[in-house]
Amino acid sequence: MEDRLIVRKIKDGTVIDHIPAGRALDVLKILGISGKEGMTVALVMNVESRKLGRKDIVKIENRFLKPEEVDKIALIAPTATINIVRDYEVVEKRRVVVPDEIVGILKCVNPLCISNSPREPVVPRIAVVSRQPLKLRCTYCDEEFGEEALSQLVSQ
Amino acid sequence: MFKGRDVLSILDFTREELEELFSETDRMLSDPARYRGELSGYILATAFFEPSTRTRLSFQTAMLRLGGSYIDLGELERSSVAKGENFADTIRMLDSYADVIVVRHRLEGAARYAAEIAEAPVVNAGDGRKHHPTQAMLDLYTVRSAKGRIDGLTYGVLGDLRFGRAAASFILALSVYRPRKVYLISPQLLRARQEVLEALERAGVSYEEVSDLDSVLPELDVLYVTRIQKERFPDPAEYEKVRGSYVVTARALATAKEDLIVMHPLPRVDEIAPDVDSTKRAYYFKQAELGVWVRMALLRLILKG
């Protein structure tokens, strides 16, 4: 693979491959990785990909993902694959899956939605109406919205 | 079909279910004495977090006519809400007191949230700009009562189609039927929201957005007029641009079909002139009256099946 020519293998950790070109920094933001944590992080952007034309790759040493982090990545990088590496070998390879319902991760974009009321113990629930293009609908207020809502994920 | 059911959006109901509701309303209207005492022992709670007269009184009247009772949250300034209680706790409390809860709230999705919290069925009596399903039910019933059918007619929905939940719910309700055509008549600023237009498209209903009533008036069988919702405008200057955009007068209706009916969810401000009231076209007070009967039928179906 082309990236191996650019970045060496990691011993243990996670390789997030097939990220749509230009989204790698957003993936790092979602994972809360600023570079100051001390772990080794490799970032490859806009490399050639047979599947995607161009893609980004993120390699993170000694870091494994929580399920909610995988769900967030699925939203902004639905083509991503996640490889778990142990002792230089890929021991698990999974594609991310955009869930049918997103619970507690994204807020409804409608400021008048009850789920945005700070005084209510309500967990936002967003249904995925279509995956391509991404179309979401708030389960509470029925407001429909698209990718624009995803900027929340990377600004949190 | 109806027993224990929440009533949150008109789109939650099929045509067959609406027909069942209307048949039940017909039965009540034809023999009211038979239904007296029907809901004796049942309690309805009205929890209105936004000003309302008609809808609240309509539900309360419906319950009383069937022999049931109601409790009312009352003025917010005098309730536990003023002490800082959140909506979820208020609903939990009402759930332990009442058999059915009618909710109105300025926040959208409030009724669905209440339905998640409460075991008792929740009826949405209006949430923000979005839904007012029982208004849509009584609107359809009014058309059916006046015209003998809902299908095949040409409708004009006039006024605030963007912020007005009664208008939005009525348009959504028409998507359950087969109107000949629906004209959406409003200033550019108050055009119907995308999700409402998509519902018409999904249902294959022919519709057209226009700004001018006069050009389409001769085609209409039903003219549904709505108030411009001052309270929902984020910017008062925007409201000033569109207030008084339409005033329907008896004279303006001269070019309309002989049997055109004029409807309005009420309250009206100045969009229908008082001189229309005495014409046979005026259907808005009849609409409010029928609303009590439709709500009686709905409450009976929800509570007793």
Side-chain angles (χ1 to χ4, degrees), chain A residues 30 66-68 71-72 74-76 78 97-156, chain B residues 6 8-12 47 49-50 76 80-92 103-118 122 124 126-133 162-163 165 168-169 172 192-199 201-202 229 231-234:
Chain A
I30 281 174
K66 297 177 202 144
E68 60 268 28
D71 281 350
K72 287 183 185 178
L75 286 169
I76 68 148
V97 179
V98 179
D100 293 333
E101 191 179 36
I102 303 157
V103 181
I105 291 177
L106 268 185
K107 283 165 57 177
C108 175
V109 298
N110 175 9
L112 291 173
C113 177
I114 188 87
S115 69
N116 283 322
S117 173
R119 298 184 58 245
E120 302 301 330
V122 54
V123 179
R125 305 173 78 93
I126 313 280
V128 177
V129 181
S130 123
R131 287 173 168 75
Q132 222 167 9
L134 190 66
K135 195 168 171 187
L136 307 167
R137 182 170 57 226
C138 173
T139 305
Y140 290 101
C141 75
D142 291 337
E143 187 85 3
E144 289 196 344
F145 43 95
E147 290 213 358
E148 69 274 13
L150 302 182
S151 58
Q152 281 179 37
L153 288 174
V154 286
S155 61
Q156 278 165 7
Chain B
D6 300 311
L8 305 177
S9 157
I10 191 69
L11 291 181
D12 295 341
F49 292 79
E50 207 183 46
L76 293 182
S80 51
V81 177
K83 297 177 188 164
E85 185 178 61
N86 67 14
F87 178 67
D89 285 1
T90 306
I91 293 298
R92 266 184 209 108
V103 174
R104 168 169 292 190
H105 207 288
R106 79 178 178 84
L107 291 179
E108 290 154 15
R112 197 169 293 277
Y113 179 46
E116 219 173 70
I117 296 164
V122 169
N124 185 0
D127 60 342
R129 307 159 298 166
K130 296 272 174 160
H131 297 290
H132 197 349
R162 181 176 168 206
F163 296 112
R165 60 190 165 212
S169 288
L172 292 176
R193 295 187 305 277
Q194 195 55 34
E195 86 254 17
V196 175
L197 300 181
E198 280 173 14
E201 279 158 25
R202 270 198 307 275
Q229 312 272 311
E231 65 275 26
R232 298 199 199 287
F233 271 75

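Letters A, B, ... mirror the listed sequences (proteins, then strands); counts begin at 1. These numbers were taken from a predicted model, which means no experiment stands behind them. Note that these values count all heavy atoms, side chains included, but never hydrogens, waters or copies made by symmetry.
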- prompt: For B/R193, is it the side chain, the backbone, both, or neither that has a heavy atom closer than 4.5 Å to a heavy atom of chain A?
  reply: neither

query: So with a 6.0 Å cut-off around CD of A/E148, is the heavy-atom count from everything else above 12?
result: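 Yes, because the 6.0 Å sphere around CD of A/E148 holds more than 12 heavy atoms from other groups.
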
query: Side chain, backbone, both or neither: which part of A/E144 has a heavy atom under 4.5 Å from chain B?
result: side chain

- prompt: Ion pair present between B/D89 and B/R92, side-chain N to carboxylate O less than 4.0 angstrom?
  reply: yes

task: Salt-bridge test for A/E143 and A/R137: reply yes if a basic N is under 4.0 Å from a carboxylate O, no otherwise.
output: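 Result for this pair is no, no salt bridge flagged.
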
message: Heavy-atom pairs under 4.5 Å with chain A - which of B/Q194, B/E116, B/H105, B/E195 has more of them than the others?
response: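 Of the options given, most contacts go to B/E116.
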
- prompt: Any side-chain donor paired with an acceptor under 3.5 Å for B/H131 and A/D142?
  reply: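 The answer is yes; a qualifying pair exists.
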
